[in-house]
**Student:** 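I have a structure here, written as structure tokens, and I will follow up with some questions on it.
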Protein chains: 2
Amino acid sequence: MVLSRTSQYAVQALIYIATQPRGEPVLNRDIAERLGVPSAYLAKILQTLCKQGLLDSFRGRLGGFRLKDGMHSTSLLQVLLITEGPQFTESCVLGLKVCSDETACPLHNEWAPVKKKIIAMLTQSTLEDLAKSVLTGKYRLADIPVSFVSALP
Amino acid sequence: MVLSRTSQYAVQALIYIATQPRGEPVLNRDIAERLGVPSAYLAKILQTLCKQGLLDSFRGRLGGFRLKDGMHSTSLLQVLLITEGPQFTESCVLGLKVCSDETACPLHNEWAPVKKKIIAMLTQSTLEDLAKSVLTGKYRLADIPVSFVSALP
DNA sequence: CTACAATCGGACATCACTATCCTGTAGATG
DNA sequence: CATCTACAGGATAGTGATGTCCGATTGTAG
């Protein structure tokens, strides 16, 4: 019913980056502070997202992370396949190693349509869409209230 | 996308017990062997299910666990609320401590209908229904094929 | 070139879940 | 009562996800 911390951080960070002006790298430190998550841990996650081609990173002054070109339309499913692993959409609810339509667990047929709906929702939600809805101010990206006024584009 | 081991074992064990003749206690050892799960760990889980009123337990000879009267119609949701905790249906996908309709995370409104579908499915699935479908032989309750030879010397 | 800022990445620490061990206790049987 | 059996439950260990630390490396600016 809930994602792993790693996935949560990844999604939050990516949405936050997507709310920032395009092309301008965002500091890991700033993202961590904004989201109220451990910065060293977040850095590892962002590095992974870099290796998987979602982000660009820049060292030195004016460094930071930014969304790679064209990655604003990345879906949540693509993100979760990275953070939860490629078996994210495959694994059996009861943990059976083999659970196909032929050799199904008792929940397989009940779960199938639900899974389909989840995947549809995750495929449909893109980073730029989510970033837009955050920028309307109607949604919260993190628990910690923003102590400083974030820049509006 | 997948339940905790504890929940998996609980659901599997309860379905298995529900497939056995009513009123006759089933040995923890037999359940563990049938499911291919560690028996000592399963015992803890079954004890929890006893305390929560789903199971009766009997010590000594002819002992074991059986479904409490009327508990054959228990839904999966009731089971998971025990094994995953009462916040199972409440928690935010992004892990926010507060995420209501008023203070929503960016995924809240997308997730709501999906969550509704999940809960409907879990509420609808009862132990006796699942036990019945297992008894048809079309579904597997565990990975390990039941060769059913207790080759003890 | 030099100094500094920021990521990179390996090593280590922590915590919750998972799993095991062992002793105690209760029930059944003769 | 004696004894076997099976659950009860506290203590303990393994494991993977999570979180922290610190030095190495790379890029920018002066």
Side-chain angles (χ1 to χ4, degrees), chain A residues 1-13 17 24-33 35-52 54-68 80 82-85 87-88 91 94-95, chain B residues 1-13 17 20 23-68 80 82-85 87-88 91 94-95 150 152:
Chain A
M1 211 68 167
V2 83
L3 300 169
S4 69
R5 280 264 194 295
T6 299
S7 293
Q8 294 172 11
Y9 294 167
V11 170
Q12 286 177 295
I17 294 175
E24 291 182 17
V26 189
L27 291 188
N28 169 64
R29 177 203 313 151
D30 291 343
I31 306 173
E33 183 182 347
L35 302 179
V37 309
S39 70
Y41 189 50
L42 179 62
K44 308 281 189 198
I45 298 171
L46 295 180
Q47 283 168 28
T48 303
L49 296 176
C50 280
K51 284 181 192 162
Q52 298 302 318
L54 290 190
L55 294 175
D56 280 325
S57 73
F58 302 93
R59 292 180 161 185
R61 294 194 176 180
L62 305 182
F65 296 91
R66 75 172 182 203
L67 273 172
K68 222 180 175 104
L80 297 184
I82 293 175
T83 54
E84 300 280 325
Q87 81 301 338
F88 176 61
S91 48
L94 282 185
Chain B
M1 214 66 170
V2 86
L3 300 170
S4 70
R5 281 265 194 293
T6 298
S7 294
Q8 293 173 12
Y9 294 169
V11 170
Q12 286 177 295
I17 294 176
Q20 299 305 107
E24 291 183 17
V26 189
L27 291 187
N28 169 64
R29 178 204 312 151
D30 291 343
I31 306 174
E33 183 182 348
R34 171 67 177 73
L35 301 179
V37 309
S39 70
Y41 189 51
L42 180 61
K44 307 281 190 202
I45 298 171
L46 296 179
Q47 283 169 32
T48 303
L49 296 175
C50 279
K51 283 180 191 163
Q52 298 302 317
L54 290 191
L55 294 176
D56 281 324
S57 71
F58 302 92
R59 293 180 166 187
R61 292 193 178 177
L62 305 182
F65 296 90
R66 74 172 183 204
L67 274 171
K68 224 182 175 99
L80 296 183
I82 292 174
T83 54
E84 300 279 325
Q87 82 300 337
F88 176 61
S91 47
L94 283 184
S150 39
L152 275 180

**Student:** Expressed as a whole number of angstroms, how long is the span from Ile45(B):CD1 to dC17(C):C1'?
**Tutor:**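 Atom CD1 in Ile45(B) sits about 11 Å away from atom C1' in dC17(C).
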
**Student:** Nearest 0.5 Å, please: how far is CG in Asp30(B) from CD in Gln20(B)?
**Tutor:**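 Going from CD on Gln20(B) over to CG on Asp30(B), the span is 8.5 Å.
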
**Student:** Any chance you could lay out the side-chain hydrogen bond (donor to acceptor under 3.5 Å, both in side chains) test for Tyr9(B) and Thr83(B), step after step, and finish with the verdict?
**Tutor:** CA-CA 10 Å; Tyr9(B) 294 169; Thr83(B) 54; over 6 Å; no

**Student:** In whole angstrom, what separates Asn28(A)'s CG from dT20(D)'s P?
**Tutor:**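 Distance check: Asn28(A) CG to dT20(D) P gives 12 Å.
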
**Student:** Tell me the interatomic distance from Leu46(B), atom CG, to dA6(D), atom P, rounded to whole angstroms.
**Tutor:**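 It is 15 Å, rounded to the nearest whole Å.
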
**Student:** Does OP1 or OP2 of dT18(D) have a side-chain N or O of Thr6(A) closer than 4.0 Å?
**Tutor:**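 For Thr6(A), the contact criterion (side-chain N or O under 4.0 Å from OP1 or OP2 of dT18(D)) is met.
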
**Student:** Expressed in angstrom and rounded to an integer, what is the separation of Gln47(A) atom CD from dT7(C) atom C1'?
**Tutor:**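 About 7 Å, once rounded to whole Å.
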
**Student:** For Arg29(A) and dA5(C), give me the distance from atom CZ to atom P, rounded to whole Å.
**Tutor:**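 So the two atoms are 9 Å apart, to the nearest Å.
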
**Student:** For Ser57(A) and Gln47(A): C-alpha separation, side-chain torsions, deciding distance, then whether side-chain hydrogen bond (donor to acceptor under 3.5 Å, both in side chains) applies.
**Tutor:** CA-CA 8 Å; Ser57(A) 73; Gln47(A) 283 168 28; over 6 Å; no

**Student:** Counting distance alone, no hydrogens or angles: does the base of dG9(D) have a donor or acceptor under 3.5 Å from a partner atom on the side chain of Lys51(B)?
**Tutor:**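 Side chain to base: no pair below 3.5 Å.
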
**Student:** Tell me if the side-chain of Arg59(B) makes a donor-acceptor pair with the base of dT25(C), cut-off 3.5 Å, by modelled atom types.
**Tutor:**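 Indeed, a donor on one side and an acceptor on the other fall under 3.5 Å apart.
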
**Student:** Please report the distance, rounded to the nearest Å, between CG in Leu49(A) and C1' in dC8(C).
**Tutor:**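 Atom CG in Leu49(A) sits about 15 Å away from atom C1' in dC8(C).
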
**Student:** Think Tyr9(B) has a side-chain N or O under 4.0 angstrom from the OP1 or OP2 of dA19(C)?
**Tutor:**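 The answer is yes; a side-chain N or O of Tyr9(B) sits under 4.0 Å from OP1 or OP2.
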
**Student:** Tell me whether the OP1 or OP2 atom of dC8(C) has a side-chain N or O from Ser57(A) closer than 4.0 Å.
**Tutor:**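 Yes, within the criterion.
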
